[in-house]
Each structure stands twice: as C-alpha cells, then as structure tokens.
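Notes follow once the structure below has been shown.
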Protein chains: 2
Amino acid sequence: MSGSVTVIGLGPGDPRYLTPAAQAALDAAQDLIGYFPYVARVSERPGLTRHASDNRVEVDRARHALELAAAGRRVAVVSGGDPGVFAMAAAVFEALEAGDPAWRALSITVEPGITAMLAAAARIGAPLGGDFCALSLSDNLKPWEVITARLEAVLTADLVIALYNPISRARPWQLGAALALAAEHRAPETPVIFARAVGRPDEAIRILTLAEAREASADMATLVMIGASATRLIPREGAAPFVYTPRSVAR
Amino acid sequence: MSGSVTVIGLGPGDPRYLTPAAQAALDAAQDLIGYFPYVARVSERPGLTRHASDNRVEVDRARHALELAAAGRRVAVVSGGDPGVFAMAAAVFEALEAGDPAWRALSITVEPGITAMLAAAARIGAPLGGDFCALSLSDNLKPWEVITARLEAVLTADLVIALYNPISRARPWQLGAALALAAEHRAPETPVIFARAVGRPDEAIRILTLAEAREASADMATLVMIGASATRLIPREGAAPFVYTPRSVAR
C-alpha cells in the first residue's frame, strides 16, 4: 500500500511552537482530517482536501483517515498540542487494531507537539519541576470511580497534577469534585493554575490558590494544574509571580 | 535591569523538533549556558559566548546565568527535551528564589520543547494514550523511600509510567528495583519501552515485556516507559509492532 497517515501535533496554537517536522508533514499532506478548529489552523492550498469534523467522533475520524490512506492518499490527522496526549494518536491505533488487517501495511507515523501542560508550565515558571502526572477528567471514556481513585493516588503521592478536559457542557461538576478531593490532601494555599488558550490570542492564565480555584470558573479550553505540597510562588513587583516546583524532596 | 534569561528546550536532538520560538531565542542570545552535550548542539557564531559545564551543577549554572543577565547580558540556558521536565527551568527558579532580590526584575522566560517521553511515544505509537505520569528515578534529590511510595501509588492507580533518569554509574540498581516493584502490580507481558537517544543518530528503541525489561540493560540516555494494564501491541509483518494505550477504561 502506498498511502500514509501522519498524526500531527500542532502545539498550543501559535505557529512559533509548531515543529519543522510537523510543518513538513502538513506540507506533504493531500488530505487533512481533524476537529474543525484544528483543521482551521492549517492554511488552504491547492492539492489539499480538508475534512473538518465535530468533536467526539475521534474513532470515525481515525477510520476515515485509514480508509483514505488505504486508497493511496497521503493523509494528515491533526490534533492541538501533542497527538499522543489525550488526542488523536490513540484513536488512530484503536481504529487500526479494530479495522482491516491490510491497513497494518500502511505507513503510519506520529509527529509530536508541545502539549498544553508544557506550554502552560513554560508561561509561568516551572510548575512541573518535580514528579507529575497528566489525567483526563472526562468520564466519557472511563468511569468516574476510576478517575477519583487515580486522583486519590496521585494526591497521596504528592505529584503535581495536570488535568486535561476538566469541564464541558455535558460535564459541569467534575472539576469541582476533583478540586474538593484535592482540598482533602493539600493546603488551601496550594497553587492551582487555570491556563486557558495558551499560545493563542485569547490566552488567559490565572494563578490561584486551591481555595480560590474551588470558586473559579473554567471551560473546555482550560488546562488545570494542581501544585504539589512544595509548589511555590516567587513574587515580583509589577508582574505576575513565577510558579515552580523544586526538584528536591527533603529527606 | 536590561538583561534576560531564556531557558530553552532543545527537544530530543534532531533540529526538526526544535520549535521556531526556541530557535529565535537561541539566535538572540549573547551567552549560552548548559550541560556540554546540549551546548554542543548549538552552532558557534560571532557574538555568542558558550559556557559549557559538567552535569550535576545545575544550580551553579543557573546562578551564573542570572549573574550574567544582571550584568546586562541576554543569556540562553539550554536543556535537552523540555526545560520544565527534570531539566534546567526549576534550577533557574531555585537560584532566583535564593538569590539577589534584584534578580526578580530581570526578564526570565521559558521556551518549551518536545520532552523525551513525547518523542519516544510518537516513535512507537501512542503509549501515553491514557492517563500517565513522569517520575525521575534519581535519588540524588529525593529519598528512595519517596520514589518507591510514588511508584507504588501510580502502579496501583494503573497509570502509564515514564521514568526519567533511570540509571547512572552512581545509581546502578534503582531501575531494577523499580521494575521489580512494577512486576508486583503488572503482568509479565506488560509492554515496557527502553527508548535511547530518541531523535539522534544513535537512536535505539526496544519494545520489551516487563519480564524481558528486568533482564535488559539501560544507560543515562534511556527513557523507560512502563505500560498500564491496557497498554498493548499491534503486530505488523516486517516491522516493529505499534504500542498504544486505549483512551477508554472499561466500566
């Protein structure tokens, strides 16, 4: 089979964070598949067919990409951030595993990108300076009991926690419940970051305490980071504080 | 103060993974500070003073960067991968917090990069497709008891685990101990990835089972990823299998 699928991470939004490897893969594509705001980030050009789709149809989208590739097309599947972090790469491999065995002979590659937690961390200091984890708060794909058990574990283990998919119209209460759980393990003054649309013109980053975060609002474009017990602020005059987590844990 | 420090992520090594923002920051620098193999990745040019140093002197290096910036220089501190993930960014903020309060008026920014676990994951499929964590296995900066408690927690919570700094000449047995602990929680056939020098000419990626990994050797340049219970292989004829973790957890 001569077709290919490349799953591409577009990074946080600003093209200055798109890697040259990802740009080259976009330039080589004949078909572009993805959630419509990500497809919209890639300029139209002759020879590129754009297939934008709605959210929450990831496996349909992945299957479509594999079908086009099986027909000989060079297909790019785009995700914001990194495609391997709560994005399209896993969906493509799910579709590959369940689909036509002949698809396994296709060229399938992944181009990494700057995922939201790295972009948000860089903006404010080094909050991920110690051990950390990335959890999706969406209970569309896993039971809420699994999510709370994982949160309990990483709170007890004192990891910094990056929460992806913290909230949506269909999931309005989960973030509040997660922060309430955090408050059982961490002090009210623990730094919590709400990083919205990092690297895009409407970027808004709020450095809150855990107590404040429990009263604050977030949306689908927000990444939430809950500090570990050692995560701290460095105040500055006339500027937002830096937030960082020391590399060391005291003996 | 007119000087600045930019902490720059060089990504995994191949310049095709260096972001344009990071490249622009390198181009603007007057002084370049970092561990010598990272400094060596940046071409010499007139007007750029290179200060390469040995490993394990991160805070000295960070203080030096801040002193140069306080003297009015535009300083770039370079790390492999992402500077916020077990690299120089936290060291710079540690030095800033402990240092001359006047340093807080300096311009200090961080340019994110593709960290090793994202680069390694992209090479083999989508092993980080579910919830995951990043732990440093080095007990230079935290007690071994903290490391094992964290490992126990994330193994029990069934996260995919990326282990940074798995081994060094001074820490020969820690990786074996971590994999022995993993074997108490996960099946012997659980995929374990040893990803060495990803994105560099000597790249070598091994897809092992947990049982095989316990007998395999690694070195300082290796990132180790331990799959979750759902992490699986997609076999291919005449090529390495893909490795991925489904997005869903069964109800």
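Order of the sequence lines sets the chain letters (A, B, ...), proteins ahead of strands, with each chain counted from 1.
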Practice prompt. Name the member of A:A89, A:G9, A:A91 that forms the most heavy-atom pairs with chain B at distances under 4.5 Å.
Written response: A:A91
Worksheet item: Checking A:E97 against chain B: side chain, backbone, both or neither under 4.5 Å from a heavy atom?
Response: both
Worksheet entry | Region of B:F132 in contact with chain A, defined by heavy-atom distances below 4.5 Å | both
Fill in: Distance-minimising heavy-atom pair for B:P143 and A:V249
CD-O, 3.5 Å
Practice prompt. Please confirm whether the backbone N or O of A:R104 pairs with a side-chain atom of B:R236, one donor and one acceptor, at under 3.5 Å?
Written response: no
Response to the item:
If you tally heavy-atom pairs under 4.5 Å between each of A:D131, A:T19, A:V110 and chain B, the highest tally belongs to A:D131
Worksheet item: When heavy-atom pairs shorter than 4.5 Å are enumerated against chain B, which of A:E145, A:E152, A:E111 gives the highest number?
Response: A:E111
Discussion item. If I measure from the heavy atoms of chain A, does B:D14 come under 4.5 Å with its side chain, its backbone, both, or neither?
Written reply: neither
Worksheet item: By a 4.5 Å heavy-atom criterion (distance strictly below it), what part of A:A239 contacts chain B: side chain, backbone, both, or neither?
Response: neither
Discussion item. Distance check, rounded to the nearest 0.5 Å: B:R247 atom CZ versus A:S136 atom OG?
Written reply: 10.0 Å
Discussion item. Taking side chain as everything from C-beta outward and backbone as N, CA, C, O, which of these in A:Y244 sits under 4.5 Å from a heavy atom of chain B? Side chain, backbone, both or neither.
Written reply: side chain
Item to complete: Using a cut-off of under 4.5 Å on heavy-atom pairs, state which of A:T156, A:V154, A:I108, A:V146 scores highest against chain B.
Response: A:I108
Item to complete: Against chain A, label B:P83 side chain, backbone, both or neither, depending on which of its atoms sit under 4.5 Å from a heavy atom there.
Response: neither
Discussion item. Heavy-atom cut-off 4.5 Å, strictly under: side chain, backbone, both or neither for A:M88 against chain B?
Written reply: neither
Practice prompt. Counting only heavy atoms closer than 4.5 Å, note whether A:A162 contacts chain B via side chain, backbone, both or neither.
Written response: neither
Worksheet item: Checking heavy atoms, do the side chain of A:L18, its backbone, both or neither come under 4.5 Å from chain B?
Response: backbone
Discussion item. If I measure from the heavy atoms of chain A, does B:F242 come under 4.5 Å with its side chain, its backbone, both, or neither?
Written reply: side chain
Response to the item:
Whatever's closer than 4.5 Å to a heavy atom in chain A on B:A121 counts as neither
